[in-house]
2 protein chains.
Amino acid sequence: MKKSLVYFQSGGPTAIINTSFYGVIKEAKKHEEIDGIFGSLNGVEGLLNDRLIDLRKEDDDQIELLKQTPAAALGTTRYKLSGDIKHEDYQKILTTVKKHNIGYMLVNGGNDSMDTCYKLSRFFAKVGYDCKVMGIPKTIDNDLAFTDHCLGYPSAAKYVMQSVQDIALDNAVYPKSKFVIVEIMGRHAGWLTAAAAAISDKALRPDAIYLPEEKFDLDEFLAKAKEVFEKKKRALFVVSEGIETQLPKENVQLDSFGHMQLGGVSSRLANIVSDKLGYSTRPIEFSLLQRAGTLNITAVDQKEAIKVSEKAVKSIVKGKTGYMVIIDRKPGVEYKTSLKLKRLHNIANVEHKLSEELLKDIHGEGKLMREYLLPLVKDTVKFQFENGTTAYAKLKKVLVK
Amino acid sequence: MKKSLVYFQSGGPTAIINTSFYGVIKEAKKHEEIDGIFGSLNGVEGLLNDRLIDLRKEDDDQIELLKQTPAAALGTTRYKLSGDIKHEDYQKILTTVKKHNIGYMLVNGGNDSMDTCYKLSRFFAKVGYDCKVMGIPKTIDNDLAFTDHCLGYPSAAKYVMQSVQDIALDNAVYPKSKFVIVEIMGRHAGWLTAAAAAISDKALRPDAIYLPEEKFDLDEFLAKAKEVFEKKKRALFVVSEGIETQLPKENVQLDSFGHMQLGGVSSRLANIVSDKLGYSTRPIEFSLLQRAGTLNITAVDQKEAIKVSEKAVKSIVKGKTGYMVIIDRKPGVEYKTSLKLKRLHNIANVEHKLSEELLKDIHGEGKLMREYLLPLVKDTVKFQFENGTTAYAKLKKVLVK
């Protein structure tokens, strides 16, 4: 008997997750074993609330545009499934899955989402319901284990490299300039911040990089700040948002009502530099554009997203379950990869962080970071523009009854 | 007798000013009347300190790359020339100009720079020294009088349109999302902020736009904030940095030492919204990338920058002085322009702001803004990449002795 497939998006938006989505639809349509092709709205919430849409009813031209549509076209979620499979959520999901005769489930997300993915696969196995579950990696944090990199990371890394370069050029135009502190996403792993070390021209690389993998010492930071600024009359420091937990508590800003203001790491550090050293500062938070900026989609990221989705769909219809697709990279200068499956229980909740060797490289010449990153970011893609901005997919989102 | 030409950059960086620079070098080389072709480092400061570089010694491939090099390759300045031509600065400039036999001077900048340009032309006329002076318009603020638009504005406007669209898509992925406040440059004129109103898809346009041309009322702002957020469970407000002077003084942030923290307008408003309405907020400041982001250079901006420089060089060797080149646009749907000269004394220190008619349009359907902006932003250019980022011009900067 034919079974239907459901795909959902989970966790933070990226510029590439909808390309994975595109790849799933295109590949799923090639398989006669697959009956309905559904998208769950807002991740697992769509399964809980029976809000699935019929992807066979979407127009081809809009599906094509998914490749240059950032964010998460199906909506996403941070909902955390209980570890206890007796929790009522599982029964709700089972009801939806049975109602729509779903036999294939694809979960597109990062660490937390792979935890959801793992729990679902374990649940179906326990209750003996035949629904295969497979993970598709996605996170700009690049912190999923086993895979060489995560889909979305190359595009976000290109954003960081291009933007830090542009900012470095801008901050060099006056004889005496500002103390610029750029804040980049990554709560526990510094991969995205470290991309700034891969800028090929040393003159445009940051003067200092602060990563969540390392101890942050405010006195050392200020000493470095002084050393650089006194010498160059300008500075460009790059910090990961993840060092926030290491900032002194008393520097939390208060407004005039005495309410605590949770500024970003860059603005808090800028205020400290301004207070202690008297320099004119400029905090810059890359914020949402680093993850959802369309124009930095890289050719490799786009191509790999499609290939990974093909692999996921092919594997799941062959009966594989409880895996995530990983990108396995051959050692050596030439960029060669193959796609493999890795057990979800080895991946869920494991954080892949920067190694000691890479940390040393990032504070040095950045040679290893460049070898790692350049093949992933070197090519861009051609975009379709419409009235001055990139065209994006407008889905009909017809609910499945 | 042959005379030399000096070109300088002045005021804030843009993504296009170095394309004007490119156009000047290319055109100047075609004129036999021109002897040396010099660049003054850091604007008028280079004339004060006799720091000119020989542009004939720069390599062709690097000159070519100026077209995709943001910021200000010669360095820039905010130095303000005295209005009193008896000030010693003028004698210093005259000494430099005489020493290098300069007969042509091109000033590339915005309002303040056209003031410098006007003062210099007036000075040379008064002392009877034969040096022609001509202005080339540049400012992302788009607030120079008479010209339809200023070079650099189309590219910055494209950045605003694309980035607001990307942020709108990102902020729509969760069932309940954040109150996003985007801050855009423009102290006195709201042209750049208003570009957000030109996004063609209404669903991605901001929920509200605040401009420096209008009175800012905090109570009305909060009422609008509440109305939008309660209805949509998300919001995207766009504010010009120029409304800062209208914010309540008591909201200036204090750190725990009681020092005043000058956060941006977006973070101050976000704190007010969070305090008064309890919403989860996300302030986003576009900061330097809106003016110096390479990837948003538009085809029209690039092409016009070259044409304007050609016109400036041709006019100055014909003996014209005391003018700025303006872009004159024919009325009607089709985009047609011609380049003209306008007296600097009519331009210096005049701010061209949004009209009442445009203000109404910006808060409504944005039809006029789209008619105005779309021809300027619709096409992009092809960039040369090198190791993952755009290649940029590296000048030798050989000082003229």
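Not measured: the values here are computed from a predicted model.
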* **Atom group of B:R370 that falls short of 4.5 Å from chain A, counting heavy atoms** => neither
* Asked: When rounded to the nearest 0.5 angstrom, what is the spacing between CG in A:D170 and CG in B:L289?
  -> 8.5 Å
* Structure fact -> Answer key: most heavy-atom pairs under 4.5 Å with chain A among B:K382, B:E45, B:R78 is B:R78
* Options B:T380, B:L373, B:D201, ranked by heavy-atom pairs under 4.5 Å with chain A, top entry -> B:D201
* **Check: B:T389/A:Q165 side-chain N/O donor and acceptor closer than 3.5 Å** => yes
So do the side chains of [X] and [Y] get within less than 4.5 Å of each other, counting heavy atoms only?
X: A:D166; Y: B:L288; value: no
X: B:F286; Y: A:I284; value: no
X: A:D379; Y: B:F385; value: no

Between [options], who has the most heavy-atom pairs with chain B when the cutoff is under 4.5 Å?
options: A:P283, A:P175, A:G293, A:G75; answer: A:P175
options: A:R291, A:M161, A:E386; answer: A:R291
options: A:T298, A:T77, A:V180, A:L376; answer: A:T77
options: A:A73, A:A72, A:G43, A:A203; answer: A:A72

Sort [X] into side chain, backbone, both or neither according to what part of it lies under 4.5 angstrom from a heavy atom of chain B.
X: A:N42; value: side chain
X: A:S287; value: side chain
X: A:K394; value: side chain
X: A:Y79; value: neither
X: A:L204; value: side chain

* List the steps, then state whether side-chain hydrogen bond (donor to acceptor under 3.5 Å, both in side chains) holds for A:T390 with B:Q162. => CA-CA 7 Å; A:T390 50; B:Q162 182 68 46; 2.8 Å; yes
* Asked: Has B:K396 got more than 12 heavy atoms of other residues, nucleotides or ligands less than 6.0 Å from its NZ?
  -> yes
* Asked: Looking at B:L374, B:V377, B:I199, which one forms a side chain to side chain contact (heavy atoms under 4.5 Å, CB included) with A:N387?
  -> B:L374
* Asked: For chain A, which residues of residues 9-18 of chain B have at least one non-hydrogen atom nearer than 4.5 Å to it?
  -> B:G11, B:G12, B:P13
* To do: I would like to know whether A:L295 and B:N296 meet side-chain contact (heavy atoms from CB on, under 4.5 Å); could you show each step before the answer?
  => CA-CA 9 Å; A:L295 296 182; B:N296 288 282; 3.5 Å; yes
